[in-house]
Amino acid sequence: MFLKSIRFRFIAWYAAILSVTFLLFSMILYYNFSGNLYARLDDLLETKAEGIFNSIDTYWETQKLEAMKSGADENVFSRINNINFAKIAERFVNEKLHDPELISMVVQILDSNGKIIVSSTNVVSIPDVSPEKLKYIVKEDGLFENFAVKLASAKSLQFRLLNAPVIENDKVAYVVQVASPLNSINTALRRLRFLLFLLLPITVLVTSIVAGEFLASVTLRPINDIIKTARQITAENMKLRITAPNSKDEIRHLADTFNNMLDKIERSFATQRHFMQDISHELRTPLTILKGELEVALKRDRSQDEYSSILRSNLEEINNINRIVENLLMLLRFDAGEATLKKEPVDIAVLLEGVVNDLRAMAVQKGLTVDFSYNGSEKVILEVDKEKLRRAFLNIIDNAIKYTPQKGNISVMLDNEKDYAKIVFKDTGMGIAKEDLPFIFDRFYRTDKSRSDSSFGLGLSIVKSIVESHRGFIEAESLTGEGTAFTMRLPISRD
Ligand code: ADP
């Protein structure tokens, strides 16, 4: 569990990133430091070598001048394999043996063949220079190298060596070798290595655990709060909310999103509960009537006519129950997104006129006039589910007939707007009170005055679902005592 936790991943990532950074930093530091130490030592060796051949050359020049004064030929004074030069070099090195500046150094002079003329020590032996190596030294105009010397104590001592050639008439006259022990540099580097490589794991371990643990607890605490709250929330306990941290970070965002989701769920729960209450209530009325009628009927023997009348009444109630259930099923299918539309091209004017004609007899019976008008020149053909749309038109016109008193008029007008087919259903009926208007599309909503056996308050919510499933809109305007107008807009698909 711990290995899979965010806390562990935090620490692990922290440790990984820190290790890489630290390793890079240590490597750069180490190579820079050792490079610097070597460069300084190399500078020193170069200065010393320069000092040595300057001094030897000064000696040599003095000797040469004196000899020339006593008549010697200048051309005899080549330093290459010259016995006099070898003596001068030997004398110089022996004189310098106790010079404090060179005390920790090995100085060696080689002749033009790489053979030792003089060496400042007989303890430390610098590796011999082969003719190939001599060529290389000349080609490179000097060569730095490291060599190790085995001491009597079986320890080995490392040296840094500079081979510096001196050229005369494009030929090697002699080579100055200056070597210095590397022990101080090596000790410094060893210490640095120890510090870095000991410190690295300890620092990474301690920092990652402390910082990772700290970061994890700071960032995860609000998440733990969310988990704790979420665990306490049940269907009965929907009021609970997460206390969002007083920041503007992702956790705050998460808490807000979670709370918003809870709001939505709570609202949806309340709607569902309402809906269930409404359904039970609506079904209870016809069932109570049904039960009452049957109980009364069973109290004594009835005549054939009486039984027929009771059964007819029973059937009417069962039809009511059936209608409610049918309508509810249709609405639930729309809700669940399961209502499939069987779309086909439909001439809306023809469909509307058909519905108007079907209901005209009912309207006329109530002393109402119904008319349909469309003044456009082009046919309004929409891709719609014909049966569902017919149901929507029927519900609206049926309501208009229901809620319009005698001598009233109902007009249905079709209009062709740019992107929509607009249909207005207008009546001169009792109208809808201002306070009821926002709710008439809600399920089971009906105004008190309109309560009747055949009115369940589902008609308009079904209309709304049908229209919206066709990506259309519907709105209502009304004035009590004057009439109501429903405006429906259905999109015209251009493809
Ligand atoms: P019902 O089955 O009650 O007609 P609806 O959902 O169709 O249910 O309508 C909801 C309520 O809207 C009705 O109860 C009624 O009060 C009101 N209503 C609908 N259409 C009209 C109308 N044309 N004129 C007046 N009131 C209407």
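Both ligands and their constituent atoms are indexed starting at 1 by order of listing. Bear in mind that the values here come from a model prediction, so they are computed numbers and not experimental data. For the numbers below, each heavy atom of this structure counts, side chains included, while hydrogens, waters and symmetry mates do not.
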What is the distance from atom CG of L29 to atom CG of L196, rounded to the nearest 0.5 Å?
-> 5.5 Å
Should you measure from each heavy atom of [X], which atoms of ligand 1 turn up under 4.0 Å away?
X: D427; value: 22 (C), 23 (N)
X: N399; value: 4 (O), 5 (P), 7 (O), 9 (O), 19 (C), 20 (N)
X: I432; value: 18 (N), 25 (C), 26 (N), 27 (C)
X: Y445; value: 10 (C), 11 (C)
X: L458; value: 6 (O), 8 (O)
X: G459; value: 5 (P), 6 (O), 7 (O), 8 (O)

Residue selection (non-hydrogen contact nearest atom 13 (C) of ligand 1) among F439, F425, Y403, F486 = Y403
Restricting to non-hydrogen atoms, name the atom on [X] and the atom on [Y] that form the minimum distance, rounded to 0.1 Å.
X: S156; Y: A148; value: OG-CB, 4.5 Å
X: Y374; Y: A349; value: CD2-CB, 4.4 Å
X: E417; Y: I492; value: O-CD1, 3.9 Å

With only distance considered, is G457 within less than 3.5 Å of ligand 1 through an N or O on each side?
-> yes
So, is the end of the R160 side chain (NZ or CZ) under 6.0 Å from the ring centre of Y38 and within 45° of the ring's axis?
-> no
Is G431 near ligand 1, meaning one of its heavy atoms is under 4.0 Å from it?
-> yes
Does N395 come within less than 4.0 Å of ligand 1, judged by its heavy atoms?
-> no
Residues pairing under ring-ring contact (aromatic ring centres under 6.0 Å, His included) where one sits in residues 463-493, two or more places apart or in two chains, turn out to be Y420-F473
Report the part of I440 in contact with ligand 1, treating N, CA, C, O as backbone and CB onward as side chain, heavy atoms under 4.0 Å; options are side chain, backbone, both, neither.
-> both
Counting only heavy atoms, which portion of F441 has something under 4.0 Å from ligand 1: side chain, backbone, both, or neither?
-> neither
Is any side-chain heavy atom of L287 closer than 4.5 Å to a side-chain heavy atom of I321?
-> yes
May I ask you to say whether R323 pairs ionically with E282, meaning some side-chain N is under 4.0 Å from a carboxylate O?
-> no
